[in-house]
Amino acid sequence: MAAALFSPALQATAIFPSTWYESKRSSPSKLAGSILSKGRRKDLESLRVSVATEPRVTVPWQSVETEGDGDGKLAAWTSIRRERWEGELVVEGEIPLWLNGTYIRNGPGLWNIEDYNFRHLFDGYATIVRLHFDHGRLFFGHRQIQSEAYKAAMKNKRVCYREFSEVPRPDSFLSYVGELASLFSGASLTDNANTGVIKLADGRVVCLTETIKGSIQIDPHTLETIGKFEYTDDLGGLIHSAHPIVTETEFLTLLPDLVRPGYTVARMEPGTNERKVIGRVNCRGGPAPGWVHSFPVTEHYVVVPEMPLRYCAQNLLRAEPTPLYKFEWHPESGSYVHVMCKASGKVVASVEVPHYVTFHFINAYEERDEEGRVTSIIADCCEHNADTTILDKLRLQNLRSFSGQDVLPDARVGRFRIPLDGSPVGELEAALDPDEHGRGMDMCSINQAYLGKKYRYAYACGAQRPCNFPNTLTKIDLVKKKAKNWHDEGGVPSEPFFVARPGATVEDDGVAISMVSAKNGEGYALVLDGSTFEEIARAKFPYGLPYGLHGCWIPKNAS
């Protein structure tokens with residue numbers, strides 16, 4: 001199969017392999033239009049001819065056996081077939097003509113080196129996927145990010161840097177001692193930027209993970225790796241939040257301090273690589289800061305979470321992972337939420353809350369009294385009912401061996417209420433009945449115009465049970481406390497990313513974009529109406545893609 005995959009005939013038609021575009025959908029959804037106009041088909045056929053006579057060069061690499069491509073197995077949890085691919089997809093339905101720009105999604109896409117298979121979803125080497133929308137047409141491509149970790153693994157045929165659960169295998173005791181020394185300096189930590197991707201206000205596009213060195217700039221048009229995104233300040237540290245807050249005026253991030261447990265809140269202005277300190281939050285409990293994969297902001301405040309799932313240097317040193325990997329659960333240390341003023345860096349609230357576990361915050365906003373004074377902060381997150389087992393459920397072995405039993409831990413929209421009157425205790429409760437979205441909740445997005453402001457809608461992945469992983473897309477209405485759910489039986493959709501219609505005045509006027517691994521081993525891009533949450537378009541991929549994590553939107557005229 002691998003030999004056939006890179007045959008000259010296939011490379012010659014790599015841009016438009018017509019046999020891959022025959023849609024064989026087992027459960028058609030409602031579509032807003034016809035499949036393709038005759039004129040569009042004629043255009044595509046003409047373009048296929050020109051491409052066949054002047055084929056674009058594709059780059060073969062080591063063959064990777066991948067489940068899928070019609071064999072009835074999900075491609076979501078298997079390695080990407082090849083290092084790169086690009087071409088136009090045939091669209092079923094109608095993509096709104098106003099949707100012009102590029103959606104870029106990042107995620108772990110290569111989970112093996114030759115015969116050695118990785119353990120965990122988060123270990124995989126980063127695969128960038130690009131969906132370029134152009135007046136109803138859709139162009140697709142993907143690349144591997146050329147991190148030092150990835151290049152070293154390909155060259156040496158083994159893991160050379162410390163990934164989420166994978167570690168280099170030392171040849172001798174002396175090499176083990178040397179590896180530990182490089183760990184403390186950060187040299188052995190991975191730069192595998194496989195988690196998120198952001199567009200800075202100055203147009204640069206950067207892929208991120210939780211190690212600071214894993215900040216890598218890419219070209220959003222070609223997906224080529226440009227190089228390291230080097231911070232020019234002297235803040236130091238080895239890790240940061242994988243999800244900074246990025247707007248047209250600033251870049252905000254959290255830097256956990258493992259030596260003096262706490263968090264530095266920093267800001268970076270557009271056009272620079274220099275982070276400047278806003279302030280510091282000292283931890284109130286535990287031997288180390290709590291994990292800060294993400295955090296929310298309001299118009300005037302930064303919300304700093306401190307959960308009892310805390311970083312653990314001891315676990316970081318282990319050659320074999322524990323059930324909590326780089327973390328430890330310290331319920332006795334308490335759970336807290338801190339609020340810092342953006343302007344002054346002063347901590348204006350620090351409250352204890354019920355125990356919680358969250359990867360992703362959704363949004364936050366300020367509540368005001370009748371006289372306009374801020375009385376409290378509302379912060380919403382995808383909360384896993386303080387259940388840490390979600391981390392171990394993401395082992396690839398668990399994801400690949402679904403037996404029909406309902407093993408996905410419950411999750412909800414957790415809503416924090418943090419009073420600003422000096423009270424020592426805050427609230428945490430479900431923002432709506434979790435059964436509305438199948439007691440599954442993660443991988444969220446909102447209309448970015450409502451970032452830090454009072455909002456109504458969130459888009460996320462939910463669950464139709466039984467399942468072992470979120471398998472639906474859900475639109476949450478936080479006012480009516482209801483959810484609309486989209487489901488393709490046996491499929492696994494990635495994060496629904498909301499893109500607002502230009503000029504929209506209604507919060508849900510736009511579309512949600514996702515990529516789906518279908519149960520037949522194939523995959524497709526999906527566009528849902530942001531208001532009705534009904535499918536309006538889809539486009540089949542040339543082959544099934546691995547599951548991806550987070551994305552960003554680059555408008556057509558953005559640099």
message: Just by distance, no angles: are the side chains of E163 and T190 close enough, under 3.5 Å, to form a donor-acceptor pair?
response: yes
task: Could you pull out the closest heavy-atom pair between D387 and P409, with the gap in Å?
output: OD2-CB, 3.7 Å
- prompt: Taking 4.0 angstrom as the limit, do E436 and K482 come out as a salt bridge?
  reply: yes
field: Verdict with supporting geometry, Y459 and N447, side-chain hydrogen bond (donor to acceptor under 3.5 Å, both in side chains)
entry: CA-CA 9 Å; Y459 300 84; N447 183 331; over 6 Å; no
message: If I compare all heavy atoms of L200 with all of V246, which pair ends up nearest, and what's the gap?
response: CA-CG1, 4.2 Å
message: Under a 3.5 Å distance rule, please check whether Y356 uses its side chain to pair with a backbone N or O of E306 as donor and acceptor.
response: yes
field: Residue pair T253 / R275, side-chain donor-acceptor N/O under 3.5 Å
entry: no
field: Side chains of S335 and H355, donor plus acceptor under 3.5 Å
entry: yes
field: N106 side chain vs I128 backbone, donor-acceptor pair below 3.5 Å
entry: no
query: Does a donor on one side chain sit under 3.5 Å from an acceptor on the other, for T472 and T474?
result: no
- prompt: When the ring planes of F122 and H120 are compared, do they come out parallel, tilted or perpendicular, using 30° and 60° as the limits?
  reply: tilted
field: Side chain proximity check, T127 to L545, heavy atoms < 4.5 angstrom
entry: no
Electrostatic pair D477-K481, nearest N-O below 4.0 angstrom: no
query: How are the rings of H550 and H293 set to each other: parallel, tilted or perpendicular (split at 30° and 60°)?
result: tilted
field: Ring centers of H384, F359 separated by less than 6.0 Å
entry: yes
message: Contact between S531 and D508 at the side-chain level, heavy atoms closer than 4.5 Å - yes or no?
response: yes
- prompt: Between H360 and D442, does any side-chain donor sit less than 3.5 Å from a side-chain acceptor?
  reply: yes
query: Is any side-chain heavy atom of I198 closer than 4.5 Å to a side-chain heavy atom of P244?
result: yes
message: If you apply the rule side chain to side chain contact (heavy atoms under 4.5 Å, CB included), what do you find for Y301 with V348, and how did you get there?
response: CA-CA 9 Å; Y301 301 100; V348 299; 3.7 Å; yes
message: Is there a side-chain hydrogen bond (donor to acceptor under 3.5 Å, both in side chains) between T298 and E366? Walk through the geometry before answering.
response: CA-CA 6 Å; T298 70; E366 300 160 12; 2.8 Å; yes
- prompt: How far does CD of E534 sit from NZ of K484, to the nearest 0.5 angstrom?
  reply: 8.0 Å
query: If you round to the nearest 0.5 Å, how far is CZ of F497 from OG of S514?
result: 12.0 Å
query: So, do E166 and R119 sit near enough that their side-chain heavy atoms are less than 4.5 Å apart?
result: yes
- request: Kindly compute the distance separating CG (N117) from CG (L396), expressed to the nearest 0.5 Å.
  value: 8.5 Å
field: Pair D488-K519, salt bridge (charged side-chain N to carboxylate O under 4.0 Å, His left out): steps then yes or no
entry: CA-CA 9 Å; D488 183 358; K519 67 179 179 180; over 6 Å; no
field: Atom pair CZ (R415) and CD (E429), whose distance is rounded to the nearest 0.5 Å
entry: 8.5 Å
query: Looking at C444 and C382, what are the two nearest heavy atoms and their distance?
result: SG-SG, 3.8 Å
- prompt: How far does OH of Y450 sit from OH of Y455, to the nearest 0.5 angstrom?
  reply: 13.0 Å
W553 side chain near I513 side chain, heavy-atom distance below 4.5 Å: yes
query: Does a side-chain heavy-atom distance below 4.5 Å link V527 with F133?
result: yes
query: With a 3.5 Å cut-off and no angle check, do the side chains of D191 and Y150 form a donor-acceptor pair?
result: no
message: Does any part of the side chain of I476, heavy atoms only, come nearer than 4.5 Å to the side chain of H437, both counted from C-beta?
response: yes
- prompt: Is a side-chain donor-acceptor pair under 3.5 Å present for D123 with S165?
  reply: yes
field: Exercise: identify the closest heavy-atom pair between P502 and W98
entry: CD-CE3, 3.4 Å
Proximity of F295 and Y263 rings by center, below 6.0 Å: no
field: Trace of the salt bridge (charged side-chain N to carboxylate O under 4.0 Å, His left out) decision for E328 with R310
entry: CA-CA 5 Å; E328 278 188 337; R310 298 181 180 272; over 6 Å; no
statement: Here the gap from H132 atom NE2 to L89 atom CG, rounded to the nearest 0.5 Å, amounts to 12.5 Å
message: With heavy-atom distances below 4.5 Å as the criterion, would you say the side chains of Q448 and I446 are in contact?
response: yes
field: Geometric cation-pi criterion K475 and Y457, 6.0 Å radius, 45° cone
entry: yes
